[in-house]
Amino acid sequence: MRKVVNQEKIKHCFFDGMTLMVGGFMGCGTPELLIDMVLDMGIKDITLICTDTATTDRGVGRLIVANRIKKLYASHIGLNPETGKQMNAGTLDVELVPQGTLVERIRAGGFGLGGVLTPTGLGTIVAEGKPIIEVDGQEFLLEKPLKADVSLIRGSLSDCYGNIIYRGTSNNFNQMMATAGETVIVETEKLVPAGALNKESIATPSIFVDYIIRGGGDNVY
């Protein structure tokens with residue numbers, strides 16, 4: 001049942017052209033060591049799903065700067081000028097998704113739903129090419145689910161089975177993305193023995209987690 005591995009054991013999970021979800025918000029709660037690994041392996045043509053592209057020297061922004069991303073789903077890109085530069089040059093395909101819609105599409109992917117109905121984006125370019133469905137006289141956009149080959153998650157606390165607790169900003173997107181990846185890899189700040197976590201505080205149960213990597217912080221176990 002132990003899922004704690006070194007980076008060598010998870011290299012087979014990554015490949016060119018893969019779809020990658022990465023948790024965190026503005027670079028906070030992002031698994032930096034796992035991003036280092038993707039960069040070091042030279043993985044390219046990635047479809048990236050994230051809430052934002054952080055900055056040029058932090059989080060997924062480093063994947064943007066290294067020209068590893070082919071397609072991007074994100075809610076905003078304003079703090080990383082390189083993202084806008086590549087988008088305007090036509091080298092990066094960007095789909096900007098309202099943040100609430102983005103997390104709901106990820107939830108739909110993780111929960112096996114066929115999509116999400118939302119009024120957000122009606123009458124704008126967001127609606128172009130998307131089905132419009134009427135419910136009780138009101139129109140909604142059908143937003144399709146988002147899933148990934150691999151979800152990279154940052155946990156604040158994890159036990160050796162992969163039960164995870166998130167603190168502060170790391171709650172953003174990590175928890176939902178852990179449900180929507182075919183393979184889920186957690187970089188944990190602190191690793192504790194089985195049974196040491198407060199069960200009521202566990203946000204991601206171990207059933208969703210495939211591998212655990214020891215990250216920065218107080219790894220005591």
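Values below: all heavy atoms of this structure, side chains included; hydrogens, waters and symmetry mates excluded. Everything numeric here is computed off the predicted structure, so don't read it as measured data.
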Smallest separation among heavy atoms of [X] and [Y], with atom names:
| X | Y | result |
| --- | --- | --- |
| D52 | M26 | OD2-N, 2.9 Å |
| P98 | S75 | C-CB, 4.3 Å |
| G59 | I35 | C-CD1, 3.5 Å |
| I43 | M18 | CG2-SD, 4.2 Å |
| L197 | N163 | CD1-O, 3.4 Å |
| L48 | V60 | CD2-CB, 3.9 Å |

Treat each ILVMFWY residue as a node, draw an edge where side-chain heavy atoms are under 4.5 Å apart, and state whether [X] and [Y] are in one component.
| X | Y | result |
| --- | --- | --- |
| L63 | I77 | yes |
| Y211 | F208 | no |
| M176 | L113 | yes |
| V22 | I10 | yes |
| F15 | L34 | yes |

To the nearest 0.5 Å, how far apart are [atom1] in [X] and [atom2] in [Y]?
| X | Y | atom1 | atom2 | result |
| --- | --- | --- | --- | --- |
| R58 | T53 | CZ | OG1 | 13.0 Å |
| K147 | M21 | NZ | CE | 9.0 Å |
| S158 | I165 | OG | CD1 | 9.0 Å |
| I49 | L146 | CD1 | CG | 4.5 Å |
| D149 | E182 | CG | CD | 7.5 Å |
| L157 | I202 | CG | CD1 | 10.0 Å |

Is the shortest side-chain N to carboxylate O distance from [X] to [Y] below 4.0 Å?
| X | Y | value |
| --- | --- | --- |
| D16 | K44 | yes |
| E95 | R105 | yes |
| R154 | E32 | no |

Under 3.5 Å, is there a donor-acceptor pair between the side chain of [X] and the main chain of [Y]?
| X | Y | value |
| --- | --- | --- |
| E187 | L33 | yes |
| N174 | G29 | yes |
| K144 | G115 | no |
| T118 | T101 | no |

Can you confirm whether K9 is buried at NZ, in the sense that more than 12 heavy atoms of other residues, nucleotides or ligands lie under 6.0 Å from that atom? no

Neighbour count above 12 (heavy atom, 6.0 Å) for K71 NZ: yes

From CA spacing to verdict: side-chain contact (heavy atoms from CB on, under 4.5 Å), I153, M177: CA-CA 7 Å; I153 304 302; M177 287 181 174; 3.8 Å; yes

Step by step, work out the side-chain hydrogen bond (donor to acceptor under 3.5 Å, both in side chains) result for T47 and Y73. CA-CA 8 Å; T47 294; Y73 294 87; over 6 Å; no

Kindly determine whether N67 and Q86 satisfy side-chain hydrogen bond (donor to acceptor under 3.5 Å, both in side chains), including the steps that lead there. CA-CA 9 Å; N67 295 298; Q86 292 182 24; 3.1 Å; yes

Charged tip of K11 within 45° of F14 ring normal and under 6.0 Å: no

